[in-house]
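The structure appears right after this line, and notes come after that.
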Amino acid sequence: MNLESKYIWMNGTLVEYEKATVHFLSPSLHYGIGVFEGIRCYNTDKGPAVFRLRQHMERFMDSAMILGFRSLPYSADELIEAVKLTIRENGFKECYIRPLVYCDKIFHGLNLDATKPLIGIATWEMGSYLGAEGVENGVRANVSSFTRHHPNVTMTKSKSTGNYTNSVMAKTESIRLGFDEAIMLDPQGYVAECTGENIFLVRNGKIVTTQTAAVLEGITRDSLFTIIQDLGYEIMEQMISRDQLYISDEIFVCGTAAEITPVREVDFRNVGSGKRGPVTAQIQKAFNDAIHGRNPKYSSWLEYV
Ligand code: PMP
């Protein structure tokens, strides 16, 4: 992955890539005080368009509020314009977008009110997060030895940077074990989500996903509720046990970075036929049409740059 671009937007100005730095004493580095978003811009016949930009910016604001920031220096509307400007000035047709609330070196103790939130927006080129091969043929996952956050410890609805040490530990463990992705259970032992994706199961023609109590409310997940129902499938939110993973016909994970990626194996057990299933392929196609502006039904999801 090449993170380079011409400019990073920082607090109202476009800063050259090499100069976009933060001080060593930033409490964001020391205590994980930060909030981020992950968004994608896709090329369409009408030019580059950001997928569900407003929803992402609203979740960005919500994440900051959950962490405890009572106000941010920019509104959602201002940040939407800043994202579009950053993409335009960098000349990207397709890119990943990373807004981040961070703090400079003003900090006294662990009190959030004694620091000042700042905001940056970076953009970079990004292909398939779990690999083009994985998107076609499915990835291999394990049930992680790490548990997903308890909803009353660091919460699950905030994309706060500190929350992601949990994802980093689980993902690193999976890769070291030879898998591609980790499926994490909640503190009660039910399936929660992956390190950066929500999870869906297909069994006997019905599609199920987890309830949202202990997971991030994914924007891809939300989009898939509409797409799946439009395709004529029934979709249910329910508690999912580890053994239900093993007897699913198909499993797929979804997220801004991973888009829709089939899971072909869980804990050394083939999922269904051990390759991408037909329902997953159908949903992938409908999603790809939506993000690339090929289905007018979903045109309200695209914010042209
Ligand atoms: N769960 C976690 C833990 C994530 O980090 C992500 C990625 N943001 C998701 C789910 C999927 O969310 P979205 O579809 O909004 O990218």
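Sequential numbering from 1 along the given sequence is applied to the chain's residues. Note that ligands are numbered from 1 as they come in the structure, with each ligand's atoms numbered from 1 the same way.
In this structure, the protein non-hydrogen atom closest to atom 5 (O) of ligand 1 is Tyr164 OH, 2.5 Å. Here the protein heavy atom with the shortest distance to atom 14 (O) of ligand 1 is Thr220 OG1, 2.6 Å. The nearest protein atom to atom 16 (O) of ligand 1, hydrogens excluded, is given as Thr256 OG1, 2.7 Å; this is a heavy-atom distance.
For the residue pair Gln282/Tyr233, the side-chain donor-acceptor check at 3.5 Å is satisfied. Under 3.5 Å, the side chains of Ser75 and Asp77 contain no donor-acceptor pair of N or O atoms.
For the pair Asp249 (side chain) and Asn204 (backbone), a donor-acceptor distance under 3.5 Å is present. Put simply, the side chain of Arg140 gets close to the backbone of Gly178: a donor and an acceptor are under 3.5 Å apart.
Contacts of Glu136 classified as salt bridge (charged side-chain N to carboxylate O under 4.0 Å, His left out), with partners at least two apart in sequence or in another chain: Arg276.
Considering backbone and side-chain atoms alike, Gly38 places every N or O at 3.5 Å or more from each N or O of ligand 1. Here's the thing with Ser167: none of its N/O atoms is less than 3.5 angstrom from an N/O atom of ligand 1. For Glu217, no nitrogen or oxygen atom sits less than 3.5 Å from a nitrogen or oxygen atom of ligand 1, counting backbone and side chain alike. At under 3.5 Å, a nitrogen or oxygen of Lys159, whether backbone or side chain, sits near a nitrogen or oxygen of ligand 1.
By the 4.0 Å heavy-atom criterion, Thr195 is counted among the residues contacting ligand 1. Contact annotation: Arg148 has at least one heavy atom less than 4.0 Å from an atom of ligand 1.
By the criterion of a heavy-atom distance under 4.0 Å, the side chain of Leu216, and not its backbone, is placed next to ligand 1. By the criterion of a heavy-atom distance under 4.0 Å, the side chain of Arg59, and not its backbone, is placed next to ligand 1.
Ligand-side atoms of ligand 1 in range of Asn198: 10 (C), 11 (C), range being under 4.0 angstrom from any heavy atom. Within ligand 1, counting atoms from 1 as listed, the ones closer than 4.0 Å to a heavy atom of Ile219 are 13 (P), 14 (O), 15 (O). Of all the atoms in ligand 1, the ones that sit under 4.0 Å from a non-hydrogen atom of Glu193 are 1 (N), 2 (C), 3 (C), 10 (C).
Distances from atom 9 (C) of ligand 1 to the heavy atoms of Gly218, Gly255, Gly196, Ala192 show the closest one on Gly196.
The aromatic ring centroids of Phe179 and Phe268 lie less than 6.0 Å from each other.
A distance of 10.0 Å separates CG in Leu201 from OG1 in Thr280, rounded to the nearest 0.5 Å.
Note on Glu303 versus Arg54: no salt bridge recorded, every NZ/NE/NH1/NH2 to OD/OE distance being 4.0 Å or above. A salt bridge is defined here as a Lys NZ or Arg NE, NH1 or NH2 lying under 4.0 Å from an Asp or Glu carboxylate O, and Glu173 with Arg176 fails to meet this definition. Electrostatic pairing of Arg59 and Glu37 counts as a salt bridge here, judged by a charged N lying under 4.0 Å from a carboxylate O.
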